[in-house]
Amino acid sequence: MLAKALSRSFSQAHKTPVRIAVTGGSGQISYSLLFRLASGALLGPHQPIILQIHDLPMMQQALRGVVMELHDCAFPLLHDVIATDVQSTVFTDVDYAFLVGSKPRGPGMERGDLLKQNGEIFVKVGEDLNKYAKKTCRVITVGNPANTNCLIAQSHAPDIPKQNFSAMTRLDHNRALIQLALRTGTPVTSVSHACIWGNHSSTMFPDASHVKINGHAGNARITQEYITSEFIPIVQQRGAAIIAARKLSSAASAANAAIDHMRDWTFGTQGGWVSMAVPSELYHGAYGVPEGLIFSYPLTVDASGHYHLVRDLPMNSFVNEKLRLTIDELQKEKQEVQHLLKK
């Protein structure tokens, strides 16, 4: 046992640490995310990391407290913590970027104002990623409106491949899986082939039409009536239900979903479906989705970390109408921020 422990320590000591950027570092989601990253939940028990954490100048005192706690955990894999309000510093040489920070919607704020104000933030995020991050950096946008924030950042980072940008719909995906597991009385690991289409908003389409339970389609408990009247509204409105219950937004589940998203993107899904919002131009109009959006699709990820669209799924009028609604919303959001998109 001692020999194994020494071998692990030697392995960690001789591995180059992976650099992970997290924005919005003193917020609720990041508070749940950072400690799990430091514990190895993303890259495993043998990969050392350096956390590069950003927050606004007025949040630096709170961020110092987060760093103190990270230090006090004495994580073996955490080789360094860099906390800053300088965005160029936080993105320097990073391998992964978790874009958690965004401006929340205030009382009386119109959605268009929210889009524009966040858009201005994500212009600079994209520019700094382009200048300072590794060109292989993988980016997940968590801060809302996530799809359009991601689109803006990606447009300002032309030297990073488009396919390296994504927005998170994994929380919605996970919510869909657990609702189907509860409905059928099975473990969540028995549920597969669910997916989320479109925008991370109330127009998202949680799709259970291809679901399998223990590898079998056509479970008697998953009826069209259940899908329409219970499943879709529950998944779409889950965030609001959590706020109503705990007076705070989802944090631990969002952080968990961000790690799930990035881990599966890194190591693959062994043929399983996941939901990720990615650039629609990669798929040239598949499923009627126009190019130029960040759109959530059912994907698989191979062992090399390349994701692939699940193609040729049968679509009916119900599904097509749900897709139309979320496509329309994303196109309207894009129109609102068109002046912020780099040509």
Side-chain angles (χ1 to χ4, degrees), residues 147 166-238 253 257 260-261 263-265 267-280 282-290 293-303 306-330:
N147 296 54
S166 65
M168 188 175 83
T169 54
R170 183 58 177 265
L171 178 54
D172 312 304
H173 181 97
N174 287 350
R175 288 166 170 168
L177 293 178
I178 192 59
Q179 289 304 314
L180 294 165
L182 293 170
R183 175 70 176 178
T184 56
T186 57
V188 72
T189 51
S190 299
V191 183
S192 64
H193 295 72
C195 64
I196 304 295
W197 298 90
N199 199 6
H200 175 63
S201 74
S202 60
T203 70
M204 82 176 84
F205 173 43
D207 188 359
S209 54
H210 312 287
V211 162
K212 295 182 179 180
I213 306 297
N214 291 314
H216 302 289
N219 188 281
R221 295 278 291 159
I222 305 175
T223 62
Q224 188 60 44
E225 170 64 23
Y226 162 73
I227 289 171
T228 304
S229 64
E230 294 185 52
F231 171 72
I232 292 175
I234 287 173
V235 176
Q236 286 179 334
Q237 299 165 20
R238 188 67 160 185
S253 56
D260 285 349
H261 173 120
R263 186 178 56 238
D264 283 345
W265 190 4
F267 297 111
T269 62
Q270 295 79 50
W273 292 15
V274 291
S275 300
M276 295 169 58
V278 297
S280 60
L282 299 175
Y283 302 124
H284 310 294
Y287 298 113
V289 181
L293 302 176
I294 300 294
F295 195 88
S296 183
Y297 298 94
L299 304 174
T300 61
V301 187
D302 64 32
H306 299 107
Y307 54 77
H308 307 276
L309 179 65
V310 178
R311 294 187 178 272
D312 302 320
L313 293 173
M315 312 293 274
N316 56 32
S317 58
F318 176 79
V319 171
N320 286 332
E321 175 60 16
K322 293 295 185 184
L323 290 187
R324 185 191 66 77
L325 291 172
T326 198
I327 288 169
D328 286 352
E329 182 181 56
L330 281 168

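The only member of W197, Y283, F295 that meets side-chain contact (heavy atoms from CB on, under 4.5 Å) when paired with V289 is F295. When D302, T300, L299 are each tested for a side-chain contact (heavy atoms from CB on, under 4.5 Å) with Y307, only one passes: L299.
Note that the CE atom of M315 and the CG atom of N320 stand 5.5 Å from one another [nearest 0.5 Å]. Residue L323 holds its CG atom at 10.5 Å from CG of D328, rounded to the nearest 0.5 Å. In this structure, R238 CZ and N174 CG are separated by 11.5 Å, a value rounded to the nearest 0.5 Å. Interatomic distance, D207 CG to S275 OG, rounded to the nearest 0.5 Å: 9.0 Å. Note that OG of S296 and CG of L330 are 10.0 Å apart. Values are rounded to the nearest 0.5 Å. Between the NE2 atom in H308 and the CG atom in L282 there is a gap of 11.5 Å [rounded to 0.5 Å].
A donor-acceptor distance shorter than 3.5 angstrom exists from the side chain of N147 to the backbone of G198, with no hydrogens or angles considered. Proximity of a side-chain donor or acceptor of N199 to a complementary backbone N or O of S201 within less than 3.5 Å is not detected. Between the side chain of T169 and the backbone N or O of I196, no donor-acceptor pair lies under 3.5 Å. When atom types are taken as modelled, the side chain of Q236 and the backbone of F205 share no donor-acceptor pair closer than 3.5 angstrom. In this structure a side-chain-to-backbone donor-acceptor pair under 3.5 Å is missing from H210 to A208. No donor-acceptor pair under 3.5 Å is formed between the side chain of Y297 and the backbone N or O of Y287. Not a single donor-acceptor pair under 3.5 Å links the side chain of S166 to the backbone N or O of M276.
Of all heavy-atom pairs spanning P206 and I232, the tightest one is O-CG1, 3.7 Å. Residues I327 and G288 share a closest heavy-atom pair of CD1-O, 3.7 Å. Between R311 and A286, the shortest heavy-atom contact is NH1-CB, 4.0 Å.
L182 places a side-chain heavy atom less than 4.5 Å from the side chain of Q179. Looking only at side-chain heavy atoms (C-beta outward), L313 and P298 come within less than 4.5 Å of each other. Considering only heavy atoms from C-beta on, H173 comes within 4.5 Å of L177 through its side chain. P279 places a side-chain heavy atom less than 4.5 Å from the side chain of I294. L171 has its side chain within reach of S253: a pair of non-hydrogen atoms, C-beta onward, lies under 4.5 Å apart. You'll find the side chain of I213 reaches within 4.5 Å of the side chain of V191, heavy atoms only.
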Exercise answer: donor-acceptor pairs, residues 267-274 side-chain atoms, under 3.5 Å, sequence neighbours excluded:
from: T269; atom 1: OG1; to: G272; atom 2: O; distance (Å): 2.8
from: T269; atom 1: OG1; to: V301; atom 2: N; distance (Å): 3.1
from: T269; atom 1: OG1; to: V301; atom 2: O; distance (Å): 3.4

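When only modelled atom types and interatomic distance are considered, Q237 and S202 share no side-chain donor-acceptor pair under 3.5 Å. For the residue pair N214/S190, the side-chain donor-acceptor check at 3.5 Å is satisfied.
Listed by first and then second residue, the salt bridge (charged side-chain N to carboxylate O under 4.0 Å, His left out) pairs involving residues 208-235 amount to none (not counting sequence neighbours).
Judged by the 6.0 Å and 45° rule, R183 forms no cation-pi pair with F231.
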Inset, instruction - Check step by step if side chain to side chain donor-acceptor pair (under 3.5 Å) holds for E321 and S317. - result: CA-CA 6 Å; E321 175 60 16; S317 58; over 6 Å; no
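A salt bridge is defined here as a Lys NZ or Arg NE, NH1 or NH2 lying under 4.0 Å from an Asp or Glu carboxylate O, and D264 with R170 meets this definition.
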